[in-house]
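Worth saying up front: this structure is predicted, and the values here are computed from it rather than measured.
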Amino acid sequence: MKKFIPLILSVINTVAMAFYINTLPDGEFATHYDINMQPDQYGSKWAMLMFPVVCVLLSILFIVYRMVTKNKENHQKNKRYEDPFIFTIIILFMIFGWFMTMAAAKVISPNRTWLSPLMIVLGIFIAVGCNYFGKLKQNPNFGIKIRATLKNEHIWKKTHRLSGVLGVIGGGIMVVCGILGFFLDGMQIILFTSSLIFALVLFGIIPTIYAEALYSKLGSDKVEE
């Protein structure tokens, strides 16, 4: 039953969004913004419905994923880490959809200062999510899935522990940049871009390089800790 919760929430969200959009006047609405948070594309008000619809599709894919992996031991062990991660992504996408819809309806005015709370939310999400990386069991669908980690369980464990530590650091730095963005007007875009790239390098690229280096040294044989 738990796997159906995101779908139920997504359907309710879609219905609520449709009712709200129906109350808006007809005409062109901003559907995209440039890096300065200025609208650069316009379309029908119903284009905003794509956000909740994507949430529904993601929820359906999640259900299919759970059904396909229900008899796989490592996937079942990872459920306690995977489920909150997937739920959070869907909830964040719902919030983003409402933000874009309210901005298109001119209920709120998007500007660069919105990047500060976005950095804080993303930073917390990255830090909390990566905190569980070291506990993930080896699987082909979730985590750092490269030749080295999939062929050697020892490398999988070491790589994800490193990614977890670096991810928490990267997420923390992004949170700090988000806070700084409230005080450094005009620097939000630079802070957002640089902190996001830095976080991705820390929890994604560096552990991948580390895993390949270990694989070159140890090979594909399973090595006990």
inquiry  = Grouping I, L, V, M, F, W and Y whenever their side-chain heavy atoms are under 4.5 Å apart, do Met50 and Met102 come out in a common cluster?
reply    = yes
query = If only atom types and distance count, is the side chain of Gln188 paired as donor or acceptor with the main-chain N or O of Gly181 below 3.5 Å?
reply = yes
key: His160 side chain vs Ile144 backbone, donor-acceptor pair below 3.5 Å   = yes
request  = For Gln138 and Trp156, indicate whether the former's side chain and the latter's backbone hold a donor-acceptor pair under 3.5 Å.
outcome  = no
message = According to a hydrophobic-cluster definition based on side-chain heavy atoms being under 4.5 Å apart (Ile, Leu, Val, Met, Phe, Trp, Tyr only), do Phe29 and Ile21 belong together?
response = yes
Residues forming a side chain to side chain contact (heavy atoms under 4.5 Å, CB included) with Ser44, sequence neighbours excluded = Trp46
remark   = Those residues at least two apart in sequence (or on a different chain) that pass side chain to side chain donor-acceptor pair (under 3.5 Å) with Asp26 are Lys45
Pair up each side-chain donor or acceptor in residues 83-96 with any protein partner under 3.5 Å, not counting sequence neighbours, and list the distances.
{"residue": "Asp83", "atom": "OD1", "partner": "Arg66", "partner atom": "NE", "Å": "3.2"}
{"residue": "Asp83", "atom": "OD1", "partner": "Arg66", "partner atom": "NH2", "Å": "2.9"}
{"residue": "Thr88", "atom": "OG1", "partner": "Pro84", "partner atom": "O", "Å": "2.6"}

ask   = Ring centroid separation for Trp98 and Tyr20, is it under 6.0 angstrom?
value = yes
ask   = Where do Leu218 and His154 come nearest, in terms of heavy atoms and distance?
value = CD1-CD2, 3.7 Å
request  = State yes or no: do Ile5 and Phe62 share one hydrophobic cluster built from I, L, V, M, F, W and Y residues joined by side-chain heavy-atom distances below 4.5 Å, directly or via other members?
outcome  = yes
request  = Enumerate the residue pairs fulfilling side chain to side chain donor-acceptor pair (under 3.5 Å) with a member in residues 164-177, sequence neighbours excluded, ordered by first and then second residue.
outcome  = none
query = Got a second to check how far Leu162's CG is from Ile209's CD1, nearest 0.5 Å?
reply = 11.0 Å
key: SG-CG distance between Cys55 and Leu7, expressed to the nearest 0.5 angstrom   = 11.0 Å
Spatial distance of atom CE (Met100) from atom CE (Met48) [nearest 0.5 Å] = 5.5 Å
key: Min side-chain heavy-atom separation Val201-Ile206 under 4.5 Å   = yes
inquiry  = Under the side chain to side chain donor-acceptor pair (under 3.5 Å) definition, can you give me all pairs with a residue in residues 198-213, not counting sequence neighbours?
reply    = Arg147-Glu212
task = Applying side chain to side chain contact (heavy atoms under 4.5 Å, CB included), name anything that partners Cys177, two or more places apart in sequence or on another chain.
result = Met119, Ile173, Leu191, Ser195
ask   = If you group Ile, Leu, Val, Met, Phe, Trp and Tyr by side-chain heavy-atom gaps below 4.5 Å, do Val168 and Phe198 land in one group?
value = no
query = So how far is it from Leu58 CG to Ser10 OG, rounded to the nearest 0.5 Å?
reply = 7.5 Å
Cluster check Leu24, Tyr42: I/L/V/M/F/W/Y, side chain < 4.5 angstrom = no
task = Could you tell me whether a side-chain N or O of Asn139 sits under 3.5 Å from a main-chain N or O of Lys137, the two making a donor and an acceptor?
result = yes
ask   = What residues form a side chain to side chain donor-acceptor pair (under 3.5 Å) with Gln41, not counting sequence neighbours?
value = none
note = For residues 117-134, the salt bridge (Lys or Arg N to Asp or Glu O under 4.0 Å) pairs (sequence neighbours left out) are none
request  = Spell out, as yes or no, whether a donor-acceptor pair under 3.5 Å connects the side chain of Ser163 to the backbone of Phe203.
outcome  = yes
query = What distance separates Phe51 CZ from Met17 CE, expressed to the nearest 0.5 Å?
reply = 8.0 Å
note = Rounded to the nearest 0.5 Å, the CE atom of Met174 sits from the CG atom of Leu196 at a distance of 4.0 Å
Donor-acceptor pairs under 3.5 angstrom involving side-chain atoms of residues 121-135: please list them, not counting sequence neighbours.
none

note = Shortest non-hydrogen pair, Leu202 vs Leu166, comes out as O-CD1, 3.1 Å
ask   = Which residues pass the side chain to side chain contact (heavy atoms under 4.5 Å, CB included) test with Leu57, sequence neighbours left out?
value = Val53
task = Quick one: list whatever passes side chain to side chain donor-acceptor pair (under 3.5 Å) with Thr14, sequence neighbours left out.
result = none
message = Once side chain to side chain contact (heavy atoms under 4.5 Å, CB included) is applied, do any residues pair with Ala211, and if so which ones, sequence neighbours excluded?
response = Ile146, Ala148, Thr149, Ile155, Thr159
